[in-house]
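As structure tokens, the structure follows; a few thoughts come after it.
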Amino acid sequence: MKIGDIRELLDAELLCGEDMLDHDVYAACCSDMMSDVLAFVKDQGVLLTGLVNPQVIRTASMMDMVCIVFVRNKAPSEEMIELARDCGIAVMRSASRAFEASGILYYAGLGREVEDV
Amino acid sequence: MSETIKLHYDVDGENFESAGQASHSVKKSLRQLGMSPDVIRKVAIAMYEGEINMVIHANGGVADVEVGDDDITIILKDQGPGIPNIELAMQEGYSTAKDNIRALGFGAGMGLPNMKKYTDDMKIDTVIGVGTTITMKVNI
């Protein structure tokens with residue numbers, strides 16, 4: 001799945017990372033607990049979260065994630081978007097709730113590449 | 001590489017929002033040095049967890065990183081309250097972080113275990129009321 005597909009599926013507003021829409025991603029993680037993201041995530045390119053502070057961007061960057069989706073229309077600050085740009089991370093926000101957004105992406109095949117999609 | 005590269009950072013304990021700046025900078029430097037993505041990731045995650053801990057528990061401190069031929073050493077030093085029970089602190093899920101820290105997405109009790117997980121060697125020197133020094137090594 002491409003980052004551009006995520007934007008379409010979640011009817012999301014892209015806040016930065018226009019040049020990354022063709023980037024392929026294979027898995028995602030949904031959490032408001034950055035501690036857990038740092039502890040349990042492995043090779044998951046997308047982070048869905050309702051938490052809004054600069055540590056979300058830093059956590060994603062440390063984990064080499066390439067896309068962050070803020071759910072429930074949460075709005076990151078300009079500083080956060082600038083930091084994401086600097087880290088090479090696409091950021092978008094969607095009105096979907098976390099459970100709903102995760103379900104939509106999972107149903108569309110994200111994280112299920114090895115299964116029968 | 002024949003000589004050790006040394007990096008030094010002050011970690012501001014007053015500002016949670018800026019926590020992680022040192023790790024971010026180290027990650028960039030290691031990338032510029034042409035380190036493998038796996039090594040960069042291990043160093044970045046372990047140092048970031050340590051940096052967050054320093055801000056949450058110890059009012060900041062200093063971070064030193066030494067890049068040698070065979071390994072990268074990360075030394076995090078604070079003058080915080082110290083760790084009363086290291087064995088307990090190393091248990092996954094154990095945390096003394098307050099609710100306001102949890103609301104920011106941290107304090108799940110995974111910091112120290114995660115630092116150990118991502119490094120090849122980790123040593124904790126702590127004295128109650130004096131401070132804590134954590135030394136971590138990642139093999140190149």
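In what follows, every heavy atom counts, from backbone to side chain, and hydrogens, waters and symmetry copies are set aside. Just so it is clear: chains get the letters A, B, ... in the order the sequence lines come, proteins before strands, and each one is counted from 1.
With hydrophobic clusters built from ILVMFWY side chains whose heavy atoms lie under 4.5 angstrom apart, A/M20 shares a cluster with A/M1. Both B/L76 and B/L7 sit in one connected hydrophobic cluster of ILVMFWY residues. Membership requires side-chain heavy atoms under 4.5 Å apart, directly or through other members. A single hydrophobic cluster is seen to contain both A/M92 and A/L110, as judged by linkage of ILVMFWY side chains at heavy-atom distances under 4.5 Å, directly or through other members. When hydrophobic clusters are built by joining Ile, Leu, Val, Met, Phe, Trp and Tyr residues whose side-chain heavy atoms come closer than 4.5 Å, directly or via intermediates, B/V65 is grouped together with B/I5. Linking ILVMFWY residues whenever their side-chain heavy atoms come closer than 4.5 Å, directly or via other members, places A/I3 and A/I104 in the same cluster.
Within 6.0 Å of NZ on B/K117 lie more than 12 heavy atoms contributed by other residues, nucleotides or ligands. Surrounding NZ of A/K2 are more than 12 heavy atoms belonging to other residues, nucleotides or ligands, all under 6.0 Å away. The 12-atom threshold is exceeded at CD of B/E66, counting heavy atoms of other residues, nucleotides or ligands nearer than 6.0 Å. By the neighbour-count criterion of 12 heavy atoms within 6.0 Å, atom CD of A/E100 is densely surrounded, having more than that number from other residues, nucleotides or ligands.
Using modelled atom types, one side-chain atom of B/N114 and one backbone atom of A/L38 make a donor-acceptor pair closer than 3.5 Å.
The hydrophobic cluster around A/F40 extends to B/M110, counting ILVMFWY residues whose side-chain heavy atoms fall within less than 4.5 Å of a member. Apart from A/F99 itself, the hydrophobic cluster it occupies contains nothing, where clustering links Ile, Leu, Val, Met, Phe, Trp and Tyr at side-chain heavy-atom distances under 4.5 Å.
Considering every non-hydrogen atom in both A/S35 and B/G107, the closest pair reads OG-N, 3.4 Å. Minimum heavy-atom separation, B/G105 to A/L51: CA-CD2, 3.8 Å. The two residues A/M34 and B/F106 make their nearest non-hydrogen contact at CB-CZ, 3.5 Å.
Counting heavy atoms from C-beta on, the side chains of B/H24 and A/D86 come closer than 4.5 Å. Between A/L83 and B/Q21, every side-chain heavy-atom pair lies at or beyond the 4.5 Å cut-off.
When heavy atoms are compared at a cutoff of 4.5 Å, B/I52 approaches chain A solely by way of its side chain, counted from C-beta outward.
No other option in B/S18, B/G109, B/P37, B/G111 has as many heavy-atom pairs under 4.5 Å with chain A as B/S18.
Scanning residues 118-137 of chain B against chain A with a 4.5 Å heavy-atom cutoff picks out B/Y118, ordered by number. Contacts between residues 55-66 of chain A and chain B, counted as heavy-atom pairs separated by less than 4.5 Å, involve A/Q55, A/R58, A/T59, A/S61, A/M62, A/M63, A/D64.
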